[in-house]
Amino acid sequence: MTLPHLADTTGGSGAGRASVLARPVLVACSALAALAWVGSVDPSEPGHYPTCPFLAVTGWFCPGCGSLRALHALAHGDLRGALARNPLMVLTVPVLLGWWAAWLLRCVRRVPKRWVAPGWSIWALLVLVLAFAVARNLPGAAFLAP
Amino acid sequence: MTQYPDEPDGAEKGEQPDPYASPSPDRYGSLPPAGSPTPPPYGSPNQFGSAPPPSRQPPYLQQPPYGQPTTPYGQPAPYGQAPAFGNAYGQPMGPPPQSYLVWAILSTLFCCLPLGIASIVFAAQVNSKWSSGDFAGAQESSEKAKKFAIWSALAGVIVVALYIGLIVVVGLGSGLNA
C-alpha cells in the first residue's frame with residue numbers, strides 16, 4: 001500500500017493549508033452564528049425556545065438549565081447576569097475557547113494530537129457537574145439556580 | 001477527511017473517519033463529504049511531517065492479529081489480545097482515540113440533556129484507559145462516547161422538532177377556534 005501522506009514532507013501548498021483550516025473556521029462561524037441567534041432572540045421571552053424537557057418532566061433543574069439565558073447575557077456583555085443564570089456553563093466557555101485555539105494551532109502546525117487530558121480530570125468534571133446539578137436544586141444554594 | 005489534524009475531542013462528528021474501518025487504500029481515495037467546503041488535500045497530503053500515518057487506529061490493530069487479516073471492529077477476537085500488541089510497541093503510537101468530551105460538555109451544559117452525563121463518563125473512560133495502556137478498551141469507550149454524542153444530538157433535534165410541531169398544532173387549533 002502506498003502511503004500518500006508520506007509523499008510530501010515539505011509542508012503543504014496554500015490550498016492544502018486552507019482546507020486544513022476549514023474545519024476550525026467552520027466551527028467558529030457556527031458558534032458565532034448560534035451566539036448571534038441566542039443574543040438576538042431573547043430566551044427570557046416565553047415561546048421563543050422549548051422548555052428543557054428534563055425540567056418539564058421532573059421539575060428539577062439540570063446542569064444545563066439557564067444556559068440559553070446565560071448565553072444571551074454573554075452576547076450582550078453581561079457577565080454578571082450570565083453567572084447568575086448558569087455559572088458552570090460560563091466557566092466552561094474559556095475552556096472551550098482554549099480547546100479551539102489549541103485545535104487551530106495543531107491545524108496550522110500540522111501536528112497530530114498527542115496530549116490527552118488525564119482521566120482523573122474528566123472524572124473530576126463529572127463529580128463537579130453532578131454536584132452542581134444537585135446543589136442548584138437545594139434551597140440553600142439559590143445563587144446556583146438559573 | 002482522514003488528513004485533518006486532530007480536533008478537540010470530537011468537535012465535529014459526522015465527518016469523522018470511522019476509526020474502525022479496515023485500513024484500505026479507499027481511505028485516501030474516497031471523496032470528501034458533500035458539505036465539505038474545500039476538498040481535503042489529497043494531492044499534497046502530508047499533514048504531520050514525519051509523524052506516523054494519520055490512521056486513528058493504534059498501529060497494533062493494523063497488524064494482522066494472529067493470522068486474521070484486519071479483523072473489523074465489532075468482532076471481539078482482537079480485543080483481548082490488543083493490549084499485548086500495544087505493550088510490544090512500548091508507547092502508544094497512534095493518535096489517541098476521540099473522547100468526544102466537547103460533545104459531552106455541549107450536551108450537558110449548553111443543552112439540557114442528561115444523556116451528556118453518560119457522555120462524560122465514557123469520555124473519562126477513554127482517557128483513563130488510554131493512559132493506563134488499555135488501548136483496545138479506550139477504543140471501545142470511544143465508540144460508546146461517539147454513540148452517546150450522536151444520541152444527544154438526535155435527542156436535541158427531536159425535542160426541537162416536537163416543539164415546533166406542537167407550536168404548529170396549537171397555532172392551528174387556536175386558529176380554528178377563533
Side-chain angles (χ1 to χ4, degrees), chain A residues 1-13 15-20 22-24 26-27 47 49-55 62-65 67 71 86 88-89 92 95-96 99-100 102-103 106-107 109-123 125-126 129-130 133, chain B residues 2-9 11-12 15 23-25 28 36-54 95-96 99 101-102 105-114 116-117 120-121 123-132 155 159-160 162-163 166-167:
Chain A
M1 186 173 106
T2 58
L3 295 175
H5 56 274
L6 293 179
D8 176 14
T9 56
T10 60
S13 61
R17 180 161 296 248
S19 63
V20 158
R23 294 173 86 191
L26 195 67
V27 166
Y49 298 94
T51 306
C52 168
F54 185 79
L55 177 65
C62 75
C65 278
S67 288
L71 280 178
N86 192 328
L88 188 56
M89 189 283 284
T92 58
V95 177
L96 291 175
W99 245 330
W100 182 84
W103 177 30
R106 284 200 303 271
C107 289
R109 293 179 178 170
R110 295 167 180 256
V111 292
K113 187 175 183 179
R114 285 283 170 230
W115 184 84
V116 295
W120 61 263
S121 64
I122 309 180
W123 292 116
L125 173 72
L126 175 71
V129 166
L130 290 177
Chain B
T2 58
Q3 301 297 331
Y4 289 102
D6 209 344
E7 64 221 51
D9 289 323
E12 281 212 310
E15 294 181 30
S24 69
Y28 301 109
S36 185
T38 47
Y42 290 113
S44 59
N46 182 22
Q47 311 290 328
F48 303 141
S50 58
S99 67
L101 182 59
V102 167
I105 290 176
L106 287 181
S107 62
T108 308
L109 290 181
F110 288 77
C111 200
C112 43
L113 296 162
I117 301 286
I120 295 178
V121 170
Q125 281 184 1
V126 170
N127 288 13
S128 292
K129 289 178 176 175
W130 180 263
S131 307
S132 68
V159 164
V160 170
L162 282 178
Y163 180 72
L166 193 69
I167 286 179

Check: Is chain B contacted by the side chain of L88(A), its backbone, both, or neither, given a heavy-atom distance below 4.5 Å?
Finding: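 Both backbone and side chain of L88(A) come within 4.5 Å of chain B.
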Item checked: Heavy-atom proximity to chain B below 4.5 Å, by part of L71(A) -> side chain
Check: To the nearest 0.5 Å, how far apart are CG in L126(A) and CD1 in I117(B)?
Finding: 6.0 Å
Notebook entry, point to check: Roughly how far apart are L106(B) CG and S67(A) OG, rounded to 0.5 Å?
Noted result: 10.0 Å
Margin query: Treating N127(B) as the side-chain partner and P118(A) as the backbone partner, does any N or O pair qualify as donor plus acceptor under 3.5 Å?
Written below: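 Judged by distance alone, no pair lies under 3.5 Å.
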Provide the closest heavy-atom pair for [X] versus [Y] in the form atom of the first, atom of the second, distance.
X	Y	answer
W123(A)	V121(B)	CH2-O, 3.9 Å
S128(B)	G119(A)	OG-CA, 3.3 Å
Y49(A)	Y163(B)	O-OH, 3.3 Å

Check: Would you call I105(B) and L125(A) a side-chain contact if the rule is heavy atoms closer than 4.5 Å?
Finding: yes
